[in-house]
Each structure stands twice: as C-alpha cells, then as structure tokens.
Amino acid sequence: MPPGVYSDRRFVATAAQGALFNFAFYGLLFAMSLMLQQGRGLSALVSSLLFLPLTGLISIGSVCAAPLARRIGRTAVLGIGQAVLTTTFLAVAWANTSSALWLLVLALVPAGFSSGLLVPTMTSQSIAAVEPALHGAASAVFNTSRQIGAAIGVAALGPLLGPTHNLREGFITCVVVGAAATAVALLLTALTRPATVAAPTGSRPVCHG
C-alpha cells in the first residue's frame with residue numbers, strides 16, 4: 001500500500017476504530033449464538049429471531065448516518081455511536097443475568113442502531129482523511145483492518161466462554177471485553193477530528209477534511 005495512506009492520523013485512528021468495532025461486534029455475534037443455543041437451550045430458529053432487533057436496526061442506523069453526519073459532523077457521530085455502543089454492551093451483559101429474554105432483546109436495539117451509524121461513518125471518515133488518488137487504497141486498508149478485527153474478536157472471545165463452564169457467565173465476560181474495546185475506540189475519536197489550520201488574524205480557523 002502507498003505510504004501516504006498511513007500518513008494521516010485521522011485515517012490510522014479510524015482504521016483502528018474499525019478493527020475494534022468488528023472485534024466487539026463479531027465477537028458478540030459468535031458468543032451470543034452459542035449462549036442462546038447451548039447456554040439457554042433455545043432452538044436455532046428462536047435464537048436467530050432474537051438477533052432481529054440487532055440486525056434490523058443496523059439498516060435504520062445506516063440510513064440515518066449520512067444526514068446526521070451532515071448536521072453535526074462525522075466526528076460527533078463517531079463519538080456518539082461509540083459511547084452508545086459501549087453503554088449498550090454493558091446493558092447486554094446486565095440483561096443476560098436475568099432469565100427474562102425480553103431484557104436482552106431490548107438491550108440489543110440501541111446496539112444495532114449505533115452499529116448502523118458507525119460503519120458508514122467510519123468508512124466515509126477513512127476515505128476523507130486521504131487525498132482522492134488514495135481513496136481506493138484507503139478503502140482497502142480500512143476494510144482489511146475491520147476483517148482482521150473480526151477474526152481476532154472471534155478467536156479471542158471464543159475461549160472466554162469456556163473457562164467458567166457456564167456459557168451465560170462466559171457470555172457476560174465476552175460482552176464486558178467487547179465494551180472495553182468500544183471504549184478504547186471512543187477514546188480514539190479525538191484523533192479523527194480534522195486538523196485545524198491557523199488562519200490570519202481577524203479571520204476564523206479553517207478546518208480541512
């Protein structure tokens with residue numbers, strides 16, 4: 001890849017956010033599928049239906065991402081999305097301590113919506129961070145970082161389900177680890193802000209990107 005792809009801190013920070021997001025999100029999907037079927041004894045059909053609040057709201061969040069970014073800026077959307085996702089992961093962990101499935105379903109709703117906000121916004125931010133000639137390379141690097149994050153998430157969170165010999169308790173551990181990953185991504189949001197160029201005296205600062 002051209003070295004210029006990695007020269008902008010906004011791109012590097014956004015690519016890291018993409019990896020952390022996939023680490024947490026795909027780790028959640030993997031751990032939750034096992035927890036519902038083997039931990040709670042649900043059928044594959046019922047388990048898949050319980051994912052609908054998560055996956056269904058992703059589409060709605062994706063539609064809202066662009067208008068919201070135009071209104072308050074991509075950096076703000078990233079910050080809000082990461083904050084909501086971190087809080088939601090903790091809510092999912094708490095909901096799983098109850099035998100009532102409706103609490104878990106309810107907790108998954110904001111997780112789906114915030115995920116829908118984050119993915120297109122991170123993609124746009126990563127491309128906007130580099131010059132037009134590098135857009136293709138930036139997109140490739142960003143998507144690769146996400147896939148690496150997903151693979152590591154499944155590999156790392158999978159074993160955490162086993163040591164407790166209780167999938168429901170192991171799932172809580174996995175979700176808390178996922179919340180920690182999204183919290184780190186939230187901290188990286190500060191690095192995704194466009195650089196501000198000093199303007200002449202008497203004029204306003206100009207932000208590029």
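The structure displayed is predicted, hence computed values, not measured ones. Along the sequence shown, residues carry numbers from 1.
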Separation between CZ of F25 and CZ of R146, rounded to the nearest 0.5 Å: 9.0 Å
Separation of R40 CZ from L104 CG (nearest 0.5 Å): 6.0 Å
Nearest-0.5 Å distance, CG of residue L157 to CG of residue L161: 8.0 Å
Hydrophobic cluster of L57, others only, ordered by chain and residue number, side-chain cut-off 4.5 Å: I60, L68, I72, V77, I80, V84, V109, F113, L117
Least distance between heavy atoms, T75 atom then Q125 atom: OG1-NE2, 3.5 Å
Considering all heavy atoms, the nearest A179-L90 contact: CB-CD2, 3.8 Å
Joint hydrophobic cluster, F171 plus L103, side-chain heavy atoms closer than 4.5 Å: no
side-chain hydrogen bond (donor to acceptor under 3.5 Å, both in side chains) against T189, all qualifying residues, sequence neighbours excluded: Q17
Cluster check L186, F23: I/L/V/M/F/W/Y, side chain < 4.5 angstrom: no
Joint hydrophobic cluster, L29 plus I172, side-chain heavy atoms closer than 4.5 Å: no
Interatomic spacing from CG in L108 to CZ in F51 - rounded to 0.5 Å: 8.0 Å
T14 vs S126, side-chain hydrogen bond (donor to acceptor under 3.5 Å, both in side chains): CA-CA, chis, key distance, verdict: CA-CA 6 Å; T14 306; S126 66; over 6 Å; no
Close side-chain approach of F11 to L134, heavy-atom, < 4.5 Å: no
Criterion side-chain contact (heavy atoms from CB on, under 4.5 Å) on E169 and M35, from CA distance to verdict: CA-CA 9 Å; E169 292 182 6; M35 182 275 294; over 6 Å; no
Minimum heavy-atom distance I58-S115, with the two atoms named: CG1-CB, 4.3 Å
Qualifying side chain to side chain donor-acceptor pair (under 3.5 Å) pairs with a residue from residues 43-66, counting only residues at least two apart or across chains: none
Validation row: T123, F142 side chains within 4.5 angstrom (heavy atoms): yes
Minimum heavy-atom distance A24-T182, with the two atoms named: CB-CG2, 3.8 Å
Cluster overlap L42 with V105, hydrophobic side-chain contacts below 4.5 Å: yes
Nearest-0.5 Å distance that lies between atom CG in L78 and atom CZ in R74: 8.5 Å
Joint cluster assignment, L28 & L52, ILVMFWY side-chain distance < 4.5 Å: no
Non-hydrogen atoms of T121 and A65 that approach each other most closely: OG1-CB, 3.8 Å
Side-chain (R168) to main-chain (S98) donor-acceptor, under 3.5 angstrom: yes
G81 versus S114, closest heavy-atom pair with distance: O-CB, 3.7 Å
Spatial distance of atom CG (L118) from atom CG (N22) [nearest 0.5 Å]: 11.0 Å
Side chain proximity check, F21 to L85, heavy atoms < 4.5 angstrom: yes
Donor-acceptor contact present, side-chain S139 to main-chain G136, <3.5 Å: no
